[in-house]
Amino acid sequence: MVKTKIAVMVSGGGTNLQALLDAQKSGILTAGEIVLVISSNAKAYAITRAQNAGVPAVVCSRKELGSQEAFEAAISQALADHGVELIVLAGFMSILSENFTKQWPRRILNVHPSLIPSFCGQGFYGLKVHEAALAYGVKVTGATVHFVNEVPDGGEILLQKAVEVQPGDTPEVLQKRVMEQAEWKLLPQATQMISEEIGKGK
C-alpha cells in the first residue's frame, strides 16, 4: 500500500512529534509516513527531533514573513513540494485562517489537552488549559484529537481519552500526565486511522 504523506506542524519541544516518530518506528503508524516537519519557530527543539529522525524540516515564521497570507503561502508551498496529503498539528501555536483550513477538509488533525468542549477555543493552549481545569475543580480531564476547521478547536472529534486529576496536581504535573496517558497515545492512533482512510481512497 502506498503510504499517506504526512506533515507535522510544530512550535516548541516536539514531544507529540516524537510520539508520532516513535509510533512510525514501532509499527503503530504504518499507513502514513512523516515526510516533512514545519516549525513556526526557528529555535524549536522539534526541528532537532526531525533532523535526528532524518525528516526534512522547514521554518515558516509568521513574524519574519510579515503577514498571515505570506505565512500560509510559505506553508502551502512546503506542503506542495513534499506532496503532503495529511497535516498533523502537534503543539502548533499559530492559528490557521479559514482560507487555509478550507483547502484541507478532513485533512488537518489537532490534539488538544482537554476533553472538548471543556477548556477549549480561543486562548486555551498549553498550560492555560490545565490551569483552567484545576481552577474549575474538574476530577477528570484528558485529551482530544479532532479535525481542524475555521473554528478554533471546533472541528469533528475523532478520539478522546480521559485522565484523572489527582489531589495536589499542579498545572505542570497535570500537563505531563495528560501527555503521557492521552496525547502520545491518541495522536498516533488518529493519524494511523486517517492515513488508512486516505490510502483507501487513492
Side-chain angles (χ1 to χ4, degrees), residues 6 8-29 32 34 37-41 43-50 52-53 86-96 101 108-195:
I6 301 164
V8 182
M9 293 171 64
V10 296
S11 296
T15 51
N16 277 315
L17 166 63
Q18 194 61 56
L20 288 165
L21 291 166
D22 292 348
Q24 202 168 265
K25 218 181 218 167
S26 65
I28 292 166
L29 175 55
I34 299 163
V37 169
I38 296 177
S39 177
S40 61
N41 167 14
K43 296 192 177 84
Y45 184 67
I47 296 168
T48 306
R49 293 182 192 271
N52 291 344
L86 176 65
I87 300 168
V88 180
L89 306 183
F92 187 67
M93 291 303 179
S94 297
I95 295 280
L96 296 163
T101 58
I108 308 176
L109 298 179
N110 182 48
V111 62
H112 182 76
S114 76
L115 295 172
I116 291 176
S118 300
F119 315 116
C120 68
Q122 205 81 42
F124 282 103
Y125 59 87
L127 271 181
K128 292 182 181 190
V129 178
H130 305 292
E131 284 164 1
L134 291 173
Y136 203 89
V138 294
K139 301 301 176 223
V140 175
T141 184
T144 304
V145 177
H146 63 94
F147 281 124
V148 174
N149 61 11
E150 69 284 359
V151 181
D153 300 325
E156 180 193 332
I157 290 171
L158 284 166
L159 296 172
Q160 288 188 310
K161 190 173 194 299
V163 174
E164 284 189 18
V165 178
Q166 306 290 353
D169 269 350
T170 63
E172 290 78 6
V173 168
L174 184 57
Q175 181 181 47
K176 191 164 188 284
R177 189 180 312 119
V178 169
M179 279 180 175
E180 289 173 352
Q181 293 183 12
E183 292 181 50
W184 298 347
K185 291 185 167 70
L186 292 185
L187 196 55
Q189 276 175 10
T191 304
Q192 168 68 8
M193 203 165 92
I194 302 306
S195 293

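We use all heavy atoms of the structure for the numbers below, so side chains are in, but hydrogens, waters and symmetry mates are not.
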- [ ] Start with the C-alpha distance between E183 and T15, add both sets of side-chain angles, then the distance that settles side chain to side chain contact (heavy atoms under 4.5 Å, CB included), and finish with yes or no.
- [x] CA-CA 10 Å; E183 292 181 50; T15 51; over 6 Å; no
Using the side chain to side chain contact (heavy atoms under 4.5 Å, CB included) criterion, which residues pair with [X]? Sequence neighbours excluded.
X: L127; value: E131, P171, E172, Q175
X: S11; value: S40, F92, M93
X: K176; value: E180

TODO: Not counting sequence neighbours, which residues clear salt bridge (charged side-chain N to carboxylate O under 4.0 Å, His left out) with D153? List them please.
DONE: none
Open item on the list: Going by the rule salt bridge (charged side-chain N to carboxylate O under 4.0 Å, His left out), which residues pair with R49 if we only count those two or more places apart in sequence or in a different chain?
Closed with: none
Counting C-beta onward and ignoring hydrogens, is there a side-chain heavy-atom pair between [X] and [Y] closer than 4.5 Å?
X: F119; Y: V138; result: yes
X: L20; Y: I6; result: no
X: I194; Y: L158; result: yes
X: F147; Y: I108; result: no
X: V37; Y: I47; result: no

Task: Sole candidate of V8, I34, N52 that passes side chain to side chain contact (heavy atoms under 4.5 Å, CB included) when paired with L21 - done: I34
Atom [atom1] of [X] and atom [atom2] of [Y]: how far apart are they, to the nearest 0.5 Å?
X: M9; Y: L89; atom1: CE; atom2: CG; answer: 6.0 Å
X: S118; Y: F124; atom1: OG; atom2: CZ; answer: 9.5 Å
X: N110; Y: T101; atom1: CG; atom2: OG1; answer: 12.0 Å
X: R177; Y: H130; atom1: CZ; atom2: NE2; answer: 10.5 Å
X: T144; Y: L187; atom1: OG1; atom2: CG; answer: 12.0 Å
X: L186; Y: H146; atom1: CG; atom2: NE2; answer: 11.5 Å

Any idea which heavy atoms bring [X] and [Y] closest together, and the distance?
X: V178; Y: G142; value: CG1-O, 3.4 Å
X: V163; Y: A182; value: CG2-CB, 3.8 Å
X: L17; Y: A50; value: CD2-N, 4.3 Å
X: A90; Y: N16; value: CB-CB, 3.7 Å
X: L109; Y: V148; value: C-CG2, 4.1 Å
X: Q122; Y: P152; value: OE1-CG, 3.6 Å

TODO: Could you tell me whether a side-chain N or O of Q160 sits under 3.5 Å from a main-chain N or O of I116, the two making a donor and an acceptor?
DONE: yes
Open item on the list: Using modelled atom types and a 3.5 Å cut-off, is there a donor and acceptor pairing between side-chain atoms of T141 and backbone atoms of S114?
Closed with: no
Task: salt bridge (Lys or Arg N to Asp or Glu O under 4.0 Å) partners of residues 154-166, not counting sequence neighbours, each pair once - done: R106-E156
